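First the structure, in the form of structure tokens, and then the observations on it.
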Amino acid sequence: MRTPHGALLLLFIVACLRGAYSGGGWSRFTSIISFGDSYADTGNLIMWADPVLPGLLLKNLPYGETFFGHPTGRATDGRLVLDFIAEALGLPSMPPYLARGSNFSAGVNFAVVGAPALNLTYLQGLNLTVNPPINSSLHDQLVWFQKLKPSLCNGQGTDCFGSSLFVMGEFGGNDYISFLLSNRTVEQARPYVPQIVDSISRGLERLVQHGAKYIVVADIFPIGCLPAALTKLASPNKVEYDRHGCLKSVNRLGRYHNSLLRQQIKMLRYKYPHTKIIAAEYYKPFLAFLDMPGDFGLNSSTTLLTCCGAGGPPYNYDFNAGCGLPDVKACADTSQALQWDGFHLTESAYRAIADGWLHGPYADPPILHIAR
Ligand SMILES: *[C@@H]1O[C@H](CO)[C@@H](O)[C@H](O)[C@H]1NC(C)=O
Ligand SMILES: *[C@@H]1O[C@H](CO)[C@@H](O)[C@H](O)[C@H]1NC(C)=O
Ligand SMILES: *[C@@H]1O[C@H](CO)[C@@H](O)[C@H](O)[C@H]1NC(C)=O
Ligand SMILES: *[C@@H]1O[C@H](CO)[C@@H](O)[C@H](O)[C@H]1NC(C)=O
Ligand SMILES: *[C@@H]1O[C@H](CO)[C@@H](O)[C@H](O)[C@H]1NC(C)=O
Ligand SMILES: *[C@@H]1O[C@H](CO)[C@@H](O)[C@H](O)[C@H]1NC(C)=O
């Protein structure tokens, strides 16, 4: 009697694996709707760029070289966290909203490289340099969503988003980077944290009001570990660095943002018990990469060095020699690199983060726990 049971069990496992890898049918999600910045953009900025933002380096190789073989508008060598999430749910990669004529029935991506949580007019009113200087903020992306909603919901009534997975973020990273690149101090940025988190929280409420039932909310990276920040704010004073070599004060700002965001998520879960809000993390896995690079197949001697950059150690980052310029080359083995271009991570890192969002421990609850 053992053999048939064993055979049945095997068949069952095979069926599950097929369900998981060939996609379709097993998951409750039939679409993904994404809002965010360069950690999520799958092509909006490069479509926006022509002809108003000439010289965008993101349009050049080696961006995209690893998986696609050509630049796609993703700010990395290959795929983003969202691409791996979509794949695991058996869904296609989300087309960018600006790709007119796309079929958005299995998802749409509103994320734009550089998008802040606060709007352009407001940030520029604070005399901050916003790059690129376009109206792509969280609020602007929600306006796009509202415009598209009638066609997304065509004939589906009020439960139009019952099987959609919304992904919000990250947002906030670009607001803080605007402060730092405009020569403001961390102390000058800190009073804006509640306002930035509030803007994300209000965005989440808007999605709930539009009928979102499942929303993933991402926290922000440890910006003090990014080569661009490390180069811009380089200090001879060793006490400003933590044991990873990251800038303590910048990361403290990030943790403050993330703790306020977690409080808001708690409050929203209480206020909207019929919407499942998943708290997803970029911050913690990044620190795990620095702590135990070998566990993720990363080279421990290059975790703070830009793969696609110039200038050599300690960060291989030069503001005047950005990735995408003809003379700037990518490192030989991108799969062992953590940092891609000074602001963004490699596909290897994004794959590991996606894994933590799908299965835990970097999402609460893990996405696959609610997908069935
Ligand atoms: C859009 O894609 C869905 C499957 O994702 C398909 O069922 C539908 O027919 C497509 N619509 C058009 C107009 O191609
Ligand atoms: C921009 O943000 C400010 C501050 O939150 C707000 O008062 C203003 O109405 C916003 N402007 C636009 C055009 O959204
Ligand atoms: C921005 O700069 C202008 C001109 O230098 C100045 O008048 C204004 O007070 C500044 N605004 C803020 C918020 O710093
Ligand atoms: C952004 O939006 C504001 C408010 O709608 C507008 O005044 C401004 O001209 C826009 N800026 C750009 C660069 O499109
Ligand atoms: C910040 O300071 C640097 C060095 O002093 C200067 O070159 C740069 O133009 C300044 N940037 C802004 C946005 O003020
Ligand atoms: C890790 O990177 C260093 C510096 O680029 C290189 O010398 C070394 O060979 C790399 N290690 C492995 C295992 O590839």
Side-chain angles (χ1 to χ4, degrees), residues 35 37 48 62 66 77 110 112 114-147 168 171-172 174-176 178-207 209 225 227 230 244-245 257 260-261 264 289-318 323 328-342 345-349 352:
F35 303 83
D37 59 15
W48 193 320
T66 301
D77 60 312
F110 299 102
V112 185
L118 303 177
N119 66 52
L120 178 69
T121 309
Y122 181 75
L123 292 172
Q124 288 181 335
L126 299 174
N127 292 342
L128 297 177
T129 303
V130 181
N131 190 17
I134 56 174
N135 282 311
S136 62
S137 71
L138 168 52
H139 174 81
D140 298 305
Q141 293 180 28
L142 285 168
V143 171
W144 282 354
F145 168 65
Q146 278 159 238
K147 262 195 226 158
M168 173 65 86
F171 276 108
N174 287 306
D175 302 70
Y176 304 121
S178 288
F179 274 92
L180 300 179
L181 295 187
S182 305
N183 294 338
R184 306 302 164 83
T185 63
V186 168
E187 289 66 36
Q188 287 172 307
R190 194 176 167 85
Y192 294 90
V193 174
Q195 193 180 346
I196 288 165
V197 172
D198 207 52
S199 151
I200 299 169
S201 177
R202 276 184 286 117
L204 290 169
E205 292 210 67
R206 289 268 289 283
L207 293 183
Q209 283 149 10
C225 302
L230 287 161
H244 300 296
H257 171 102
L260 290 191
L261 185 63
Q264 288 291 321
F289 299 150
L290 298 180
D291 269 329
M292 304 161 292
D295 291 8
F296 303 94
L298 303 171
N299 184 332
S300 61
S301 62
T302 60
T303 48
L304 294 183
L305 267 76
T306 306
C307 166
C308 182
Y315 310 121
N316 195 40
Y317 186 78
D318 179 344
C323 183
V328 179
K329 300 275 174 276
C331 54
D333 187 355
T334 58
S335 75
Q336 290 186 22
L338 169 60
Q339 312 262 4
W340 172 243
D341 62 0
L345 306 187
T346 57
E347 174 182 283
S348 294

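We count ligands from 1, going down the list as the structure has it; atoms in each ligand are counted the same way. Computed from a prediction, not measured in an experiment: that's the story for all the values here.
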**Q.** Set of residues satisfying side-chain hydrogen bond (donor to acceptor under 3.5 Å, both in side chains) with respect to Asn183, sequence neighbours excluded
**A.**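 For Asn183 the side-chain hydrogen bond (donor to acceptor under 3.5 Å, both in side chains) partners, ignoring immediate neighbours, are Lys232.
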
Q. When the ring planes of Phe35 and Phe145 are compared, do they come out parallel, tilted or perpendicular, using 30° and 60° as the limits?
A.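 Judged by the thresholds at 30° and 60°, the geometry between Phe35 and Phe145 is perpendicular.
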
Q. Which ligand 2 atoms are under 4.0 Å away from a heavy-atom of Tyr122?
A.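 Matching atoms, with element in brackets: 2 (O), 4 (C).
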
Q | Short N or O distance, Ser301 and ligand 6, threshold 3.5 Å exclusive | A |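 Min N/O separation from ligand 6 is below 3.5 Å for Ser301.
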
Q | Leu128 side chain reached by Asp175 side chain, heavy atoms, under 4.5 Å | A |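 Asp175 vs Leu128: side chains apart.
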
Q. Tell me, do Gln141 and Met168 make a side-chain contact under 4.5 Å, heavy atoms counted?
A.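 No - every pair of side-chain heavy atoms lies 4.5 Å or more apart.
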
Q. What residues, two or more places apart in sequence or in another chain, satisfy salt bridge (Lys or Arg N to Asp or Glu O under 4.0 Å) together with Arg202?
A.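 Expected list: Asp198.
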
Can you give the donor-acceptor pairs under 3.5 Å from side chains of residues 296-305 to other protein atoms, not counting sequence neighbours?
residue, atom, partner, partner atom, Å
Asn299, OD1, Ser301, N, 2.9
Asn299, OD1, Ser301, OG, 2.8
Thr302, OG1, Asn299, O, 3.3

Tabulate distances under 3.5 Å between N/O atoms of ligand 3 and N/O atoms of the protein, writing both atom names on each line.
residue, atom, partner, partner atom, Å
ligand 3, 2 (O), Asn127, OD1, 3.3
ligand 3, 2 (O), Asn127, ND2, 2.2
ligand 3, 11 (N), Asn127, ND2, 3.0
ligand 3, 14 (O), Asn127, ND2, 3.4

Q) Would the number of heavy atoms belonging to other residues, nucleotides or ligands and lying under 6.0 Å from OH of Tyr192 be above 12? A)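 For Tyr192, atom OH is not crowded (no more than 12 foreign heavy atoms under 6.0 Å).
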
Q. Is there any N or O on Thr121 that sits under 3.5 Å from an N or O of ligand 2?
A.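 No.
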
